[in-house]
Amino acid sequence: MLLCCMPGVAFVPALLVCWSSAAFIISYVIAVLAGHVEPLVPYISDTGTKPPESGVFGFMINISALLASITMYIRYLLIEKQNESSHFVRSSCNMFTLCVGLMGCTGMGIVATFQELAVPSVHDIGALVAFGSGVVYITLQSIISYKSCPRWNTYFVCHIRMAISAISCIAFVPMIVFASKISMTKIDWTPGEKDYTYHFMSAICEWTVAFGFIFFFLTFIRDFQRFSLRISTEIHEES
């Protein structure tokens with residue numbers, strides 16, 4: 001009800017943030033209660049590998065990917081509209097940023113569809129595309145935000161976006177490095193076993209990047225309040 005009362009199209013990023021947060025938390029809680037993962041920082045994918053949490057994880061992450069795609073497209077349209085009068089960024093750069101973001105959403109869909117233990121190679125590629133493209137997308141959006149100041153954004157918001165982007169970029173590198181050092185594919189990790197330290201550090205970085213994306217999209221809400229979509233239809237009478 002609260003989302004529907006938001007002005008403009010602010011409900012779209014708000015729904016994305018709420019839904020994605022719920023997807024991570026619900027699948028984590030189910031996986032822990034079922035005894036499928038240890039409570040201490042599992043991989044996000046570990047919480048959606050075995051039933052029943054796998055069904056919840058797959059469904060909710062696919063919806064998150066769809067909501068993210070819609071949010072990114074509206075963001076693209078918003079920048080294009082603002083750019084008509086301000087000319088602060090090239091249209092090709094805006095389009096490239098959108099394509100990078102949509103590539104990340106595709107990676108999310110792959111992660112949700114191909115389970116970690118069932119098809120690990122495809123799952124890992126999807127995760128790499130999702131996180132890698134996501135980090136590039138929010139970094140480019142941060143740069144575009146600075147270019148749109150002070151007319152369309154405050155420097156305070158830009159600083160927040162760039163800080164989130166920097167933290168996500170910093171966390172992304174050790175996430176990949178530590179994950180590459182793990183010599184086995186499993187989800188039931190226990191402290192003290194081989195490669196546990198690599199798994200633990202990589203998982204912390206993964207959660208950091210994931211919630212970095214969520215907090216970044218949270219900053220879109222105010223921008224989207226000033227923007228509304230109108231669908232016009234024209235009826236042509238045939239003579």
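Note that the structure is predicted; figures quoted are calculated from it, not measured.
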(request) Taking all heavy atoms of Cys158 and all of Ser145, pick out the closest pair and write down the distance. (result) SG-O, 3.3 Å

(message) How close do His36 and Pro52 get, counting heavy atoms only, and between which atoms?
(response) CE1-CD, 4.4 Å

(request) Check whether any side-chain N or O of Thr113 sits under 3.5 Å from a backbone N or O of Ile110 as a donor-acceptor pair, and report yes or no. (result) no

(request) Group every Ile, Leu, Val, Met, Phe, Trp and Tyr by side-chain heavy-atom contacts under 4.5 Å, then state whether Leu102 and Leu128 land in the same group. (result) yes

(message) Hydrophobic clustering (ILVMFWY, side-chain heavy atoms < 4.5 Å, transitive) - are Val157 and Ile144 grouped together?
(response) no

(request) Given side-chain contact (heavy atoms from CB on, under 4.5 Å), test Asn153 with Ser148 step by step and report yes or no. (result) CA-CA 6 Å; Asn153 272 298; Ser148 69; 2.9 Å; yes

(message) Within the 3.5 Å criterion, strictly below it, is a donor on Ser91 or Glu80 matched to an acceptor on the partner's side chain?
(response) yes

(message) I'd like to know whether Ser27 forms a side-chain contact (heavy atoms from CB on, under 4.5 Å) with Met60, so could you lay out the CA-CA distance, the side-chain angles of the two residues, the decisive distance to 0.1 Å, and finally the verdict.
(response) CA-CA 9 Å; Ser27 59; Met60 296 192 74; over 6 Å; no

(message) Could you go through Trp189 and Asp46, starting from their C-alpha distance and side-chain angles, then the distance that decides it, and tell me whether this counts as side-chain contact (heavy atoms from CB on, under 4.5 Å)?
(response) CA-CA 10 Å; Trp189 292 91; Asp46 291 350; 4.3 Å; yes

(message) Taking the side chain as everything from C-beta on, heavy atoms only, tell me whether Thr154 gets closer than 4.5 Å to Cys149.
(response) no

(request) May I have the step-by-step check of ring pair (Phe, Tyr, Trp, His ring centres under 6.0 Å) for Phe24 and Phe57, ending in yes or no? (result) CA-CA 8 Å; Phe24 294 147; Phe57 181 84; 7.4 Å; no

(request) Check whether any side-chain heavy atom of Leu98 sits under 4.5 Å from a side-chain heavy atom of Tyr73, and report yes or no. (result) yes

(request) Identify the two heavy atoms, one from Phe216 and one from Ser142, that lie closest to each other, and give their separation to 0.1 Å. (result) CE1-OG, 3.3 Å

(message) Between Glu193 and Lys186, does any side-chain N to carboxylate O distance fall below 4.0 Å?
(response) yes

(message) If I take atom OG1 from residue Thr208 and atom CE from residue Met175, how far apart are they, to the nearest 0.5 angstrom?
(response) 10.0 Å

(request) Measure from the side-chain N and O atoms of His87 to the backbone N and O of Asn83, and report whether any donor-acceptor pair falls under 3.5 Å. (result) yes

(message) Donor-acceptor check, side chain of Glu206 to backbone of Ile44, threshold 3.5 angstrom: yes or no?
(response) yes

(message) Any non-hydrogen side-chain atom of Met201 less than 4.5 Å from a side-chain atom of Pro174?
(response) no

(message) When you measure from the side chain of Asn94 to the backbone of Tyr76, do you find a donor-acceptor pair of N or O atoms at a distance under 3.5 Å?
(response) yes

(request) Could you check if a side-chain atom of Glu53 sits within less than 4.5 angstrom of a side-chain atom of Val29, using non-hydrogen atoms only? (result) no

(message) Does atom CZ (Phe88) have a neighbourhood of more than 12 heavy atoms from anything else shown, all under 6.0 Å?
(response) yes

(message) Other residues, nucleotides and ligands only: do more than 12 of their heavy atoms fall within 6.0 Å of CZ on Phe96?
(response) no

(request) Report yes or no: do Tyr146 and Ile143 belong to one cluster of Ile/Leu/Val/Met/Phe/Trp/Tyr joined by side chain heavy-atom distances under 4.5 Å? (result) yes

(message) Surrounding OH of Tyr198 (heavy atoms of other residues, nucleotides or ligands, distance under 6.0 Å), is the total greater than 12?
(response) no

(request) Report whether Ile79 and Val136 are members of the same hydrophobic cluster (ILVMFWY, side-chain heavy atoms less than 4.5 Å apart, transitive linking). (result) no

(message) So which atom in Val135 and which in Ile138 form the shortest heavy-atom distance, rounded to 0.1 Å?
(response) O-CG1, 3.4 Å

(request) List the steps and the verdict of side-chain contact (heavy atoms from CB on, under 4.5 Å) for Thr219 and Ile160. (result) CA-CA 8 Å; Thr219 68; Ile160 291 177; 4.2 Å; yes

(request) Could you check Arg75 against Gln141 for side chain to side chain donor-acceptor pair (under 3.5 Å), going step by step and ending with a plain yes or no? (result) CA-CA 9 Å; Arg75 176 66 178 172; Gln141 283 293 344; 2.9 Å; yes

(request) Please assess Tyr43 against Ser202 for the test side chain to side chain donor-acceptor pair (under 3.5 Å), listing each intermediate value before the final yes or no. (result) CA-CA 8 Å; Tyr43 276 128; Ser202 181; 2.8 Å; yes

(request) Could you please spell out the steps behind the side chain to side chain donor-acceptor pair (under 3.5 Å) verdict for Glu38 and Thr190? (result) CA-CA 7 Å; Glu38 291 295 319; Thr190 55; over 6 Å; no

(message) Within the structure provided, determine whether Pro42 and Thr47 are in side-chain contact (heavy-atom separation under 4.5 Å).
(response) yes

(request) Would you check if the side chain of Trp152 reaches a backbone N or O of Ser86 as a donor-acceptor pair within less than 3.5 Å? (result) no

(request) Go through Lys81 and Asp223 one step at a time and tell me if the salt bridge (charged side-chain N to carboxylate O under 4.0 Å, His left out) criterion holds. (result) CA-CA 12 Å; Lys81 187 64 178 179; Asp223 293 346; over 6 Å; no

(message) Rounded to the nearest 0.5 Å, what separates atom CE in Met103 from atom CE in Met72?
(response) 11.5 Å

(request) Only counting residues at least two apart or in another chain, list the ones meeting salt bridge (Lys or Arg N to Asp or Glu O under 4.0 Å) with Lys181. (result) none

(message) Once you measure the plane-to-plane angle for Phe215 and Phe211, does it fall in the parallel (<30°), tilted (30-60°) or perpendicular (>60°) bin?
(response) tilted

(request) Say whether, by atom type as modelled, one donor and one acceptor occur between the side chain of Ser20 and the main chain of Val17 under 3.5 angstrom. (result) no

(message) Measuring from atom OG of Ser64 to atom CZ of Phe59, what distance do you get when rounded to the nearest 0.5 angstrom?
(response) 10.0 Å

(message) How close do Ala130 and Phe213 get, counting heavy atoms only, and between which atoms?
(response) O-CE1, 4.3 Å

(request) Over 60° means perpendicular and under 30° means parallel, so classify the ring planes of Tyr155 and His159, tilted if in between. (result) tilted

(message) Quick check on the hydrophobic clustering: are Leu15 and Ile26 connected, directly or via other members, by side-chain heavy-atom contacts under 4.5 Å?
(response) yes

(request) May I ask you to decide if the ring planes of Phe217 and Phe220 are parallel, tilted or perpendicular, using 30° and 60° as cut-offs? (result) perpendicular

(request) For Met108 and Ile61, work out which heavy atoms get closest and say how close. (result) O-CG2, 3.7 Å

(message) Please check this pair: side chain of Ser21 against backbone of Cys18, looking for a donor-acceptor N/O pair closer than 3.5 Å.
(response) no

(message) When you compare the side chain of Thr106 with that of Val129, does any pair of heavy atoms fall below 4.5 Å?
(response) no

